[in-house]
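This one's a predicted model, so the numbers in the text were calculated from it and none came from an experiment.
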Amino acid sequence: MARSLPPLHALRVFEAAGRLGSFKAAAEELHVTQGAVSQQIRMLESWLQAALFERHNRRITLTPAAQAYLAKIGPLFRQLAQATTDFGLPEVQPRTLSVNASATFTLRWLVPRLAAFRAAHPGVDVRIETSNEPVEALRDGYDVIIRGGPDTFYGYVMRPFLAEERVPVCSPALLRALPLGVPRDLRRHTLLHTSSLPRLWPDWLARAKLAALQPAAALTFDHFYLTLQAAVDGVGIAMGPVTLVADDLAAGRLVAPFDTPRLPSRSYCSYIPEARAEDDLVLRFRAWLEAEGAGR
């Protein structure tokens, strides 16, 4: 009997993945990571000594044997759930709020404030994914998408919640080693760039009437959060978004040697699918974003 009964948790994961046709969707339903789903599937395949899924790039399909297996065990899980409900223990369905935002915004603004939202909503699981893809290019369904704006996309409700400007920022140690009295002194420094934002420094220097300035050196990173980290580490001077580096400025990890000129930047906006526009939890999260943005 012990041999004929597989690991029940792995079996439950298989049932969810097979029914939903997706490891990612199964992870969302079971409130675990996608890696945990893959691990449980591998465990069950090892126990059964047979493959359960065929992998095709970004999609999976059940093997014929696994389809027959799922057809038999699926009703058993439904019967177990019903028996539990009949016993007087109704199923608890914790709510998951799915959010998609850029990595830099998530690391430097959203995550440090997220504990306050979770404390006010203890029954809510927040799932955050990071990407820089445009709103209309995202294939997976999200409750809230955070991007720059304001922009208009068909099928989405947009609301700005956080204005942004940019100024040069660097570490205090770098400033002590090579003081910056006036913007022209930047010629003695290394300017930090991000490949996806190539116009930041040229546009700021143009506003400072220093379009022809040649710095001592330049470094370019492929992710903006790496550019900001390099500034914190004293590698050079970055164009910092004021709201995203506010905590670093307050803690003394960064300083802003010049308060002006300030380079205007796109605001941070929430984009909510129209199908979720009246959802109470989504509206509460949007209101929280706007309250945090107003009190930055």
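Of all non-hydrogen atoms in A101 and T106, the two that sit nearest each other are CB-OG1, 3.5 Å. Across all their heavy atoms, L213 and P183 have their closest contact at CD1-O, 4.1 Å. Across all non-hydrogen atoms, the minimal contact from A137 to E133 is O-OE2, 3.9 Å. Of all the heavy atoms in G21 and I60, the pair that sits closest is O-CG1, 3.7 Å. Of all non-hydrogen atoms in F53 and G18, the two that sit nearest each other are CZ-N, 3.9 Å. Closest approach of P172 and G252 over heavy atoms only: CG-O, 3.1 Å.
With a 4.5 Å cut-off on side-chain heavy atoms, D143 and R127 do not count as touching. Considering only heavy atoms from C-beta on, P241 comes within 4.5 Å of L228 through its side chain. Within the 4.5 Å cutoff, the side chain of V169 has no heavy atoms near those of the M239 side chain. Looking only at side-chain heavy atoms (C-beta outward), S171 and V232 stay at 4.5 Å or farther from each other. Under the 4.5 Å side-chain criterion, counting only non-hydrogen atoms from C-beta, I237 is in contact with L180. Within the 4.5 Å cutoff, no side-chain heavy atoms of H9 are placed close to those of P7. At least one side-chain heavy atom of L20 sits under 4.5 Å from a side-chain heavy atom of E29. Using a 4.5 Å cut-off on side-chain heavy atoms (C-beta onward), L97 and D125 make no contact.
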Q: Please step through side-chain contact (heavy atoms from CB on, under 4.5 Å) for the pair I146 and C269, ending with a clear verdict.
A: CA-CA 6 Å; I146 298 173; C269 303; over 6 Å; no
**Q.** Verdict with supporting geometry, T96 and V124, side-chain contact (heavy atoms from CB on, under 4.5 Å)
**A.** CA-CA 6 Å; T96 299; V124 177; over 6 Å; no
(Q) Would L178 and H189 count as a side-chain contact (heavy atoms from CB on, under 4.5 Å) here? Give the steps. (A) CA-CA 8 Å; L178 287 173; H189 283 267; 3.2 Å; yes
Q: Give the intermediate values and the outcome of side chain to side chain donor-acceptor pair (under 3.5 Å) for residues R147 and S267.
A: CA-CA 8 Å; R147 290 291 187 276; S267 297; over 6 Å; no
Q: Decide yes or no on side-chain contact (heavy atoms from CB on, under 4.5 Å) for R286 and V144, but give the supporting numbers first.
A: CA-CA 8 Å; R286 185 178 70 182; V144 181; 6.0 Å; no
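Other residues, nucleotides and ligands place more than 12 heavy atoms under 6.0 Å from the CZ atom of R19. For R118, the CZ atom is loosely surrounded, since the number of other residues' heavy atoms within 6.0 Å does not exceed 12.
Between atom CG of residue D151 and atom CD of residue E136 there is a gap of 8.5 Å, rounded to the nearest 0.5 Å. If you take CG on L219 and CG on L226, they are separated by 12.0 Å, rounding to the nearest 0.5 Å. Distance CG/L283 to CZ/R159: 8.5 Å, rounded to 0.5 Å. Taken from CD1 in I73 to CZ in R78, the straight-line distance is 10.0 Å, to the nearest 0.5 Å. The distance from the CG atom of D203 to the CG atom of L205 is 9.0 Å, given to the nearest 0.5 Å.
A cation-pi arrangement is found for R166 relative to F224, the charged atom lying closer than 6.0 Å to the ring centre and inside a 45° cone about the ring normal.
F161 and W109 have tilted rings, their planes meeting at an angle from 30° to 60° on a 0 to 90° scale. Ring-plane geometry between H223 and Y225 is classed as parallel, the angle between the planes falling under 30 degrees on a 0 to 90 degree scale with a further cut at 60.
Using a 4.0 Å cut-off between charged side-chain N and carboxylate O, K24 and E129 make a salt bridge. R95 and D279 are joined by a salt bridge, as a carboxylate oxygen and a charged side-chain nitrogen come within less than 4.0 angstrom of each other. Salt bridge E45/R55: present, at least one basic N to carboxylate O contact under 4.0 Å. Taking 4.0 Å as the cut-off between side-chain N and carboxylate O, E164 and R266 do not count as a salt-bridged pair. A salt bridge links R284 and D280; the closest N-O separation between the charged side-chain nitrogens and carboxylate oxygens is under 4.0 Å.
Cluster membership check: V167 does not share its hydrophobic cluster with V235, using side-chain heavy-atom separations under 4.5 Å among Ile, Leu, Val, Met, Phe, Trp and Tyr. Grouping the Ile, Leu, Val, Met, Phe, Trp and Tyr side chains by contacts below 4.5 angstrom, directly or via other members, places L186 with V255. Residues V13 and L76 are members of separate hydrophobic clusters, defined by side-chain heavy-atom contacts under 4.5 angstrom among Ile, Leu, Val, Met, Phe, Trp and Tyr. Placement of F117 and Y268 within a single hydrophobic cluster is found when ILVMFWY residues are connected by side-chain heavy-atom separations under 4.5 Å, directly or transitively. Residues W288 and V157 are members of separate hydrophobic clusters, defined by side-chain heavy-atom contacts under 4.5 angstrom among Ile, Leu, Val, Met, Phe, Trp and Tyr.
The main-chain N or O of H193 is found under 3.5 Å from a side-chain atom of T227 such that the two form a donor-acceptor pair. Using modelled atom types, one side-chain atom of D185 and one backbone atom of V182 make a donor-acceptor pair closer than 3.5 Å. Under the 3.5 Å distance criterion, the side-chain polar atoms of W204 are left unmatched by any main-chain donor or acceptor of R262.
Side-chain atoms of T194 and D222 form no donor-acceptor pair, as typed in the model, at a separation below 3.5 Å. For S102 and N132, the side-chain atoms include no donor-acceptor pair closer than 3.5 Å. Under 3.5 Å, the side chains of R276 and S98 contain no donor-acceptor pair of N or O atoms. Inspection of the T220 and S195 side chains reveals no N or O donor paired with an N or O acceptor under 3.5 Å.
Each of F153, Y142, Y154 was compared with Y271 under the ring-ring contact (aromatic ring centres under 6.0 Å, His included) criterion, and only F153 meets it. For the salt bridge (charged side-chain N to carboxylate O under 4.0 Å, His left out) criterion with R253, the lone passing option out of D248, D247, D233 is D248.
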